[in-house]
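These figures come from a predicted structure and were not determined experimentally. Lettering follows sequence order; numbering is per chain, from 1.
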Amino acid sequence: MTLELSGVAVARGAAPVVRDIDLTAPPGAVTVLLGPNGAGKTTLLEAVAGVLPFAAGNAVLDGADLAGLDRVARARRGLALVEQGRTVFSALTVAENVRVVNGSADALDRAVELFPELGRRLDVAAGLLSGGEQQMVVLARALATGPKVLLIDEMSLGLAPVIVRRLLPAVRALADGGVTVLLVEQFATLALEIADSAHVLAGGALTYSGPPGPLRASPGRLHAAYLGETPTEEP
Amino acid sequence: MLDGAVAGLAGGGAYAALGLCLTLMFRLVRVVNFAQAAIGVIGVYGMALLADAGLPYALAAPAGLLAAGLVAAALGWIMARWFAEAGADQRSAIAIAFLVGLLAVSFLAFGTHPRRVPGPFGGALLTVGGVTVTRAAAVCALLAPALAAGAHLLLTRTAVGLRLRALSERPTTAELLGIPSRRLAVGTWAATGALAAAVLMVVAPQQSADQSSLALMVIPACTAALVGGFRSLTGTVAGGLGLGVMQGVLAHVEDLQQYRDAVPFAVILAILVWSQRREVWDAAR
Ligand SMILES: Nc1ncnc2c1ncn2[C@@H]1O[C@H](COP(=O)(O)OP(=O)(O)OP(=O)(O)O)[C@@H](O)[C@H]1O
Ligand SMILES: [Mg+2]
């Protein structure tokens, strides 16, 4: 499924946060969205998932306008948001966190296959796990919904780089399997390694849109985009 | 004295069962549902109306339960549709509006005179050593623990229960995972509404049951839920039964009889002061 945003603006209460967002995330590709703290990355993803309303513009998922669908309906169409900040159901066990979205034994097997360390902790309350383990539960839970479009917000926040180096290839593999991935990431260099295209959001607007190569090759280019100095550039 | 305690079990069982409805509602849909008993009143009076019209009890009672469930579902839908993002405090305030509205509707629909409510649990069950246990008291006292056990099993052993627990902890996240929050919330309202009606159908035939005093049984029920911290099912049952027994004993002591209805108030006050003290203590450390 292709996710297509055109001219999207999102506000929080009365305050406009992002504006004029044109972005296409095609299936089978990892689209990364970078940007400094407070740029509005989370705000944009939350609007796409239906937590916040769009203030302007169009968001289309596989030909269907998202504006008319609430968040449950969007989830049922295959959109999954991995929220920022390890949002496990802490009172539920690891196994229950997966089972609540998908009761099949298969779903749990796949989760353990992807994250073997969860296998020993299936009956532990998710709230008692380490931060990294919780992030694995959150990812496994999102995957158990069988997403066609996966929005991931700061998967690596607070995680050891070793773990991030393991999680990112898992994300790449999902995209290779045909999933549409839109990835927001603090570790810009690591994210760019697995990206097919990149966008930089700064001060509420996109300051770079294009292939990841130029950003990978030149840290100066990335910094300039973070500071909002580079004009939007089509691939 | 023992006589009083046993008689108090009837009321206590009802407080406990209604308290369970309140605890479940608070945990699952974030509301102190002050209209809980008022919803039940609609069911009881609906049943009485149908029974008066000649319908056999075996048909009138399920119809009453259904009516209460439907009214509760409608209120739950209003809450889910327009106040989904509101906090528990605001939603509870709206529940007070529901209570007032339901009482008005109930007086309009059923008249202001108390109705005789038929019931299958009249008379004494057994008399041991001069202490009489009525059938209603036995049913009430057993109903509450059975309900608590049933609710516990539902929440821990079923797929619906799992979804309800997820939803109660993180509603937004649950919705983002495709869990149909509105449908589950309306279902929770409907189920607890029908339960409240069932409880009042056992209690109402035993006393002169006017609509406001039945609807205000939500206050001792709140006390019971408060004993369980609006979280613990066991605590709520213990709180309700304990409160009923205390009231029953007081009713049999000549000098204290008049203070009987102040017991819930005193218990609420004591719990609040105690929990406050603990917070101050924690803060001091
Ligand atoms: N709940 C909220 N209410 C009001 N304003 C908010 C809220 N959350 C974020 N904001 C504001 O919206 C703007 C964008 O925040 P957002 O969380 O989308 O940024 P971000 O790019 O995800 O940042 P980070 O990298 O720190 O996660 C910020 O200016 C922030 O102050
Ligand atoms: Mg963010």
A.B. asks: Any chance CZ of A/Arg77 has more than 12 other-residue heavy atoms, nucleotides or ligands included, within less than 6.0 Å?
C.D. replies: no
A.B. asks: Could you check whether any side-chain heavy atom of A/Asp70 comes within less than 4.5 Å of a side-chain heavy atom of B/Glu175, counting everything from C-beta outward?
C.D. replies: no
A.B. asks: Could you tell me which portion of A/Thr145 (side chain, backbone, both or neither) has an atom closer than 4.5 angstrom to a non-hydrogen atom of chain B?
C.D. replies: side chain
A.B. asks: Which bit of A/Arg74 comes within less than 4.5 Å of chain B, counting heavy atoms only: side chain, backbone, both or neither?
C.D. replies: neither
A.B. asks: Under the side-chain contact (heavy atoms from CB on, under 4.5 Å) rule, what do B/Thr172 and A/Val51 come out as? Steps first, then yes or no, please.
C.D. replies: CA-CA 8 Å; B/Thr172 305; A/Val51 179; 4.0 Å; yes
A.B. asks: Take a 6.0 Å sphere around CZ of A/Arg12 and say whether it holds more than 12 heavy atoms from other residues, nucleotides or ligands.
C.D. replies: yes
A.B. asks: Kindly indicate whether the side chain of B/Pro180, heavy atoms from C-beta on, has any atom under 4.5 Å from the side chain of A/Arg76.
C.D. replies: yes
A.B. asks: If we only count heavy atoms from C-beta on, is the B/Arg165 to A/Phe89 side-chain gap below 4.5 Å?
C.D. replies: no
A.B. asks: Check A/Thr87, A/Leu81, A/Leu151 against B/Leu176 for a side-chain contact (heavy atoms from CB on, under 4.5 Å) and give me the one that passes.
C.D. replies: A/Leu81
A.B. asks: Counting only non-hydrogen atoms closer than 4.5 Å, does B/Ala159 touch chain A with its backbone (N, CA, C, O), its side chain (CB onward), both, or neither?
C.D. replies: neither
A.B. asks: Short question: side chain of A/Glu96, backbone of B/Leu162 - any donor-acceptor pair under 3.5 Å?
C.D. replies: no
A.B. asks: Of the non-hydrogen atoms in A/Val88 and B/Arg170, which two are nearest, and what is the gap between them?
C.D. replies: O-NE, 2.9 Å
A.B. asks: Any non-hydrogen side-chain atom of B/Thr173 less than 4.5 Å from a side-chain atom of A/Arg141?
C.D. replies: yes
A.B. asks: So which of B/Glu169, B/Arg163, B/Arg182 has the largest heavy-atom pair count under 4.5 angstrom toward chain A?
C.D. replies: B/Glu169
A.B. asks: Please report the closest heavy-atom contact between B/Leu177 and A/Ala75, naming both atoms and the distance.
C.D. replies: C-CB, 4.0 Å
